[in-house]
Peer 1: 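Got a structure here, written out as structure tokens. Questions coming.
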Protein chains: 4
Amino acid sequence: MIKAGIIGATGYAGSELVRLLLGHKQVQIVWYGSRSYIDQKFSSVYGNMFKLVEDLCKGDQIEELADEADVIFTATPQGFLAGVLTEDILKKCKVVDLSADYRIRDVAVYEKWYGIEHKSPQLIQQAVYGLCELYREDVKKTDLVANPGCYTTCSILSAYPAVKAGLIDPSTLIVDAKSGTSGAGRGAKVQNLFCEVNENIKAYGVATHRHTPEIEQELSVAAGKDVVINFTPHLVPMNRGILVTAYANLIPDADGKLPTYDDVRKVYEDCYGKEYFIRLLDKGVCPETKWVEGSNFVDIGFVIDERTGRLIMMGALDNVVKGAAGQAVQNMNLMFGLDEAEGLRLVPSFP
Amino acid sequence: MIKAGIIGATGYAGSELVRLLLGHKQVQIVWYGSRSYIDQKFSSVYGNMFKLVEDLCKGDQIEELADEADVIFTATPQGFLAGVLTEDILKKCKVVDLSADYRIRDVAVYEKWYGIEHKSPQLIQQAVYGLCELYREDVKKTDLVANPGCYTTCSILSAYPAVKAGLIDPSTLIVDAKSGTSGAGRGAKVQNLFCEVNENIKAYGVATHRHTPEIEQELSVAAGKDVVINFTPHLVPMNRGILVTAYANLIPDADGKLPTYDDVRKVYEDCYGKEYFIRLLDKGVCPETKWVEGSNFVDIGFVIDERTGRLIMMGALDNVVKGAAGQAVQNMNLMFGLDEAEGLRLVPSFP
Amino acid sequence: MIKAGIIGATGYAGSELVRLLLGHKQVQIVWYGSRSYIDQKFSSVYGNMFKLVEDLCKGDQIEELADEADVIFTATPQGFLAGVLTEDILKKCKVVDLSADYRIRDVAVYEKWYGIEHKSPQLIQQAVYGLCELYREDVKKTDLVANPGCYTTCSILSAYPAVKAGLIDPSTLIVDAKSGTSGAGRGAKVQNLFCEVNENIKAYGVATHRHTPEIEQELSVAAGKDVVINFTPHLVPMNRGILVTAYANLIPDADGKLPTYDDVRKVYEDCYGKEYFIRLLDKGVCPETKWVEGSNFVDIGFVIDERTGRLIMMGALDNVVKGAAGQAVQNMNLMFGLDEAEGLRLVPSFP
Amino acid sequence: MIKAGIIGATGYAGSELVRLLLGHKQVQIVWYGSRSYIDQKFSSVYGNMFKLVEDLCKGDQIEELADEADVIFTATPQGFLAGVLTEDILKKCKVVDLSADYRIRDVAVYEKWYGIEHKSPQLIQQAVYGLCELYREDVKKTDLVANPGCYTTCSILSAYPAVKAGLIDPSTLIVDAKSGTSGAGRGAKVQNLFCEVNENIKAYGVATHRHTPEIEQELSVAAGKDVVINFTPHLVPMNRGILVTAYANLIPDADGKLPTYDDVRKVYEDCYGKEYFIRLLDKGVCPETKWVEGSNFVDIGFVIDERTGRLIMMGALDNVVKGAAGQAVQNMNLMFGLDEAEGLRLVPSFP
């Protein structure tokens, strides 16, 4: 049995980790870390866990935890892990970080977008960006995974094959994303009250959202050159789910002919055809967040608009699963040499 | 492997059966029956099943199905199964009926409340009412289970121990129930459109809802005498979940003293203490439908109102799981001698 | 023009007062009181008011306000108004209090249920309970109105005629109420976050909710004797609306015959037939909260259950309008001798 | 009093017309046309109108109606009005058409996108496109208004000033739109059931939605050249509201300098500064659909993304009001020489 500890277990991503790990045959949770609820029963904070989890919440003493656990998941505020993580801890156990601390390879970019000083930049290089479908082999070998953001996972996976294959001009890429409200976390803020979110939709963080540099970093790798994009998140009155609608100009061939549906299809199938967690939808089908709810799937579809010469790429995932806890478990599975889908063969729930 | 066929697979209860059976290690689905979608891919009707189910929908030829399957689930309109079921079919395979056809032991009561003639009353006696926690041993021996209604399961389980133990006067019992909209089915009706249900709550079927005689039948058994109750369902703007709030007068002892919280608690614990799927909540905790979403749990709590001398009993379940497909699988497990919870150890999903 | 001041203008009830008074031809708002947002633009707190309200928020200096205003609305926490109201203020201007401070005539009952000391019990006697349809003439003459609670208005109006006419036994009365989430206020609490309320329903404050003694007080007046009831509120995932479903035993006549539908109908029509804001629904129609949304209407319907001998009374209103701000304006209209419906002829919004 | 008739009164746009016209002092509704509900009480179809409308529904005999009414509103399926409208009718009364029949000036474009033959192309020229803020003077003089679509109104108004002033390159314009579900109408379709829409978001009609040519037509006028755009609608789990997020490349000046926030602001203020129904939001404020709910306002904001050199334009409106019935009333006011805002000074409802 792998012994797992969670720091930040009472946030939405943390509690979803609990849900998933309870169904994972080779994992035992040994530490429910939650600074706000120390010594309270975890199931008093999450009533769904009543009778399933008897443990009390503990603090965030990561060094102590590193002695007890084989793997630590951190679902903590930005800067926390960077402030406490050491080489010593990484020698004792593996770490999957759900915060952004080790996602951005350029520490200056991190510090600019997050507005905080990075306390352990020396560890960034050894962290692997845990978008499993892109960095699978690296994840298998590392002790420190930077688990990608929810918007990021959906945005990158939707556009990656087209960028990589040079089908589209990445400088024209516009990502319009829509998220359920669990992405905003469990903090008690007026703006996230039921009455403020319900029957409402709005954009936020326009041109300034912190997931932007993360998307740009990975699509730059795919493009082989620096990519700068527009990324606009929207808050949708639903609990779970992210939908990405991305637009970019198709690049014509030497004869001025645009790639066809079949051309694009082939590129996506070559890239994702063997991936269990990526479902490439049939022609004419647009992804819906409800179809992936509760699962680790990403559904991807695309449309060619011949009138404008653009490719419209669409992706849907469950922000708490593939966008957070599910991908973290997928990374853990890879790090420990397990079946990548262990504990993650979740059938989406409908309705 | 148990071969299972589903007639009515494209309704909400039927598709939930698919979800649950896909996760059941000892079952293989061999028949996705759906008269409306014959020869169409099941996953084109339920996009969540894309890549998980490749089968086409078939018709409702139950005799043919009986030759192929070990168990048949019928999630069909009232009267369908009663019209086609025969002794011959029951010799070939087991049947779990999610409709009401064999729930009511008195055929006259059935015909009065459902307004249709019962076409196979001779089979009613051999059917077992599949409220597993109450009829477990009978279910194990039968070939025909009448799977209880969603409101019914929640209402009966909430009040049963108190009625059985004589703590409350059953003639004063009032059951006020609230249901998510999946209970209304997937039929295309104006009244179930998003814009009609959203931001709205209403009672319906007041004093006339068909689950009333089913609740009365079982509580009469518990009481040892005929029980007549008020049952009022309400439609709530959410997908899943039933909450029952039930009220009844506590019966004082010879000295005029009412039962205490501890008295009632003991009765409920004696009754449900060993049940995996019934979670008796801690004192002061009221059930919430979100805490059981996606699972086969029933959460039960109660409050004594000393001012009025009444017991307020509350229960919550997921109407599509414990209220339909989950209980059907639980019954199947019992009928085949499997672990009762096989395929049903689902952790409730939150948020 | 009547000059109106609002203390507590940035709560949901307060901001609805603003919405209603902006549409009232004879009122000008002179004071937007909000301790939390002093010197901020009111429309920066409520974006719907952008361009419609240019004022900044002020404090809660009621004495200063009393010099400026003809009427003060207080939508403030329990105990605030009781702590600052004086005879002197009431000589200068009229007060409509949306808190509970002057609703309960027996100060001991108030102090028991609210758990605070009442600081101005001497003013309780001169306050009129502002349920306009019951106390219209008294409201016209008073300077201090205790505006009823939202649950209370709906519960009392649904049951009042039957209790008053002796059709039902008030000792058997059970009120099961369901409320939208705006009733919980705009405070930043985890339990009212979108993700906690959405896709969920629960009971709360079972047997202990503070609106209970207020309902009992008024139904006791109607019954001519002390009435003790069960009142159970539920939180529903919608913004606005309260639905009450109330149950009570019908009282048979000397021959043991129960009142008929027509008997009950006549009683309700005699009571409410001339009321503009009470809509007595047609036979067989159950109230729906969506049908009154945004309006000052209360929709009332009832069903006789001959099987149990009970009357089921149902009422629906918009908790922020007839349950708070709308009724407050209705009271103001009465106090100033205006048309009672001035500013309140709002057509419910659907969908 | 202006006598108004509505054909298609029982759709969502039609019933909103009823709501608005009931509050309009100079209009009397004389005809509630609804082929599906002939001879039924209008208020039995829309319970919110109980006691407010006593009329029965009538058919769609437009000639007969033209003799009775001063203005006819048609909220009917595409092709209906084009099939029945005549010069003779237009001599007798004014017509505001909420369908698309007379919106597209090029009949070939209409027939291509709508897939039906236009039966009265000779009337297209005399129809005025009723986007009041752009065609106010023409509307005042016409007898036939083609009331714009909901997505269209929001999309055009958001981008118009920037296109008109040459701030952006219209060939780069991408409009990503999100709509509440009332836009899908009241037809009983599975895809619009509560359980299908709730907790879900999806794109639909990608690259093929019929509002596309309407947006292009008007922005082409603004640009002074043919504009082809991407327009992608999304279905959001809420009743009302449209949010548009539009992206386009800013055009640098001769020195390669991009327009600044102030440059863009000035253009929008010059264009909309005097418009009552267009609220240009403060810098840094993004529109939210909840802030315009129930009102005729369009809220517009924008952000300059210096990193990509793009302008991000955002607009929000209530699709049933400014996107349909409200704008229809605004057009009627203009056609009859009334105050343009008569009956439309609606304060948005929150929450």
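In what follows, chains are A, B, ... by sequence order, proteins preceding strands, each numbered from 1. Values in this document were obtained by computation on a predicted structure and should not be read as measured data.
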Peer 1: Side chain to side chain contact (heavy atoms under 4.5 Å, CB included) with B:I174: which of C:T308, C:I174, C:N230?
Peer 2: C:I174

Peer 1: Would you mind reporting whether B:E216 and C:R307 have side-chain heavy atoms less than 4.5 Å apart?
Peer 2: yes

Peer 1: Can you tell me which of B:Y204, B:W291, B:F350 forms the most heavy-atom pairs within a distance under 4.5 Å of chain C?
Peer 2: B:F350

Peer 1: Under a 4.5 Å heavy-atom cut-off, does chain C meet the side chain of B:T212, its backbone, both or neither?
Peer 2: side chain

Peer 1: What part of C:F194 is in contact with chain B, defined as an atom under 4.5 angstrom from a non-hydrogen atom: side chain, backbone, both or neither?
Peer 2: neither

Peer 1: Give, as side chain, backbone, both or neither, the part of C:I312 having an atom under 4.5 angstrom from any heavy atom of chain B.
Peer 2: side chain

Peer 1: For chain C, find which of B:G241, B:G180, B:P351 contributes the most heavy-atom pairs closer than 4.5 angstrom.
Peer 2: B:P351

Peer 1: B:T232 and C:Y247: which non-hydrogen atoms are nearest, and at how many Å?
Peer 2: OG1-OH, 2.9 Å

Peer 1: Who among B:V236, B:N239, B:I304, B:L193 has the most heavy-atom pairs with chain C under 4.5 Å?
Peer 2: B:N239

Peer 1: Taking the side chain as every heavy atom from C-beta outward, state whether C:V206 and B:M314 have any atom pair closer than 4.5 Å.
Peer 2: yes

Peer 1: Side chain, backbone, both or neither: which part of C:E306 has a heavy atom under 4.5 Å from chain B?
Peer 2: neither

Peer 1: With a 4.5 angstrom heavy-atom cut-off, is it the side chain or the backbone of C:N198 that approaches chain B, or both, or neither?
Peer 2: backbone

Peer 1: Taking all heavy atoms of B:R310 and all of C:L173, pick out the closest pair and write down the distance.
Peer 2: NH1-O, 3.9 Å

Peer 1: May I ask you to check whether over 12 heavy atoms, not counting those of C:D226, lie within 6.0 Å of atom CG?
Peer 2: no

Peer 1: How long is the span from the CD1 atom in C:I242 to the CD1 atom in B:I201, to the nearest 0.5 Å?
Peer 2: 11.0 Å

Peer 1: Would you find a donor on one side and an acceptor on the other, under 3.5 Å apart, between the side chain of B:D305 and the backbone of C:A207?
Peer 2: no

Peer 1: For a quick test of reading the model, state the closest non-hydrogen atom pair linking C:A203 to B:C286 and the distance between them.
Peer 2: O-CB, 3.6 Å

Peer 1: Would you mind checking which part of C:P237 comes under 4.5 Å of any heavy atom in chain B, side chain (CB onward), backbone (N, CA, C, O), both or neither?
Peer 2: both

Peer 1: Which region of C:I229, side chain (C-beta onward) or backbone (N, CA, C, O), has a non-hydrogen atom less than 4.5 Å from a non-hydrogen atom of chain B, or is it both or neither?
Peer 2: backbone

Peer 1: Do the side chains of C:D176 and B:K178 get close enough for a salt bridge, i.e. N-O under 4.0 angstrom?
Peer 2: yes

Peer 1: How long is the straight-line distance from NZ of B:K202 back to NZ of C:K290, given to the nearest 0.5 Å?
Peer 2: 13.0 Å

Peer 1: At a heavy-atom separation under 4.5 Å, does B:A316 approach chain C through its side chain, its backbone, both, or neither?
Peer 2: neither

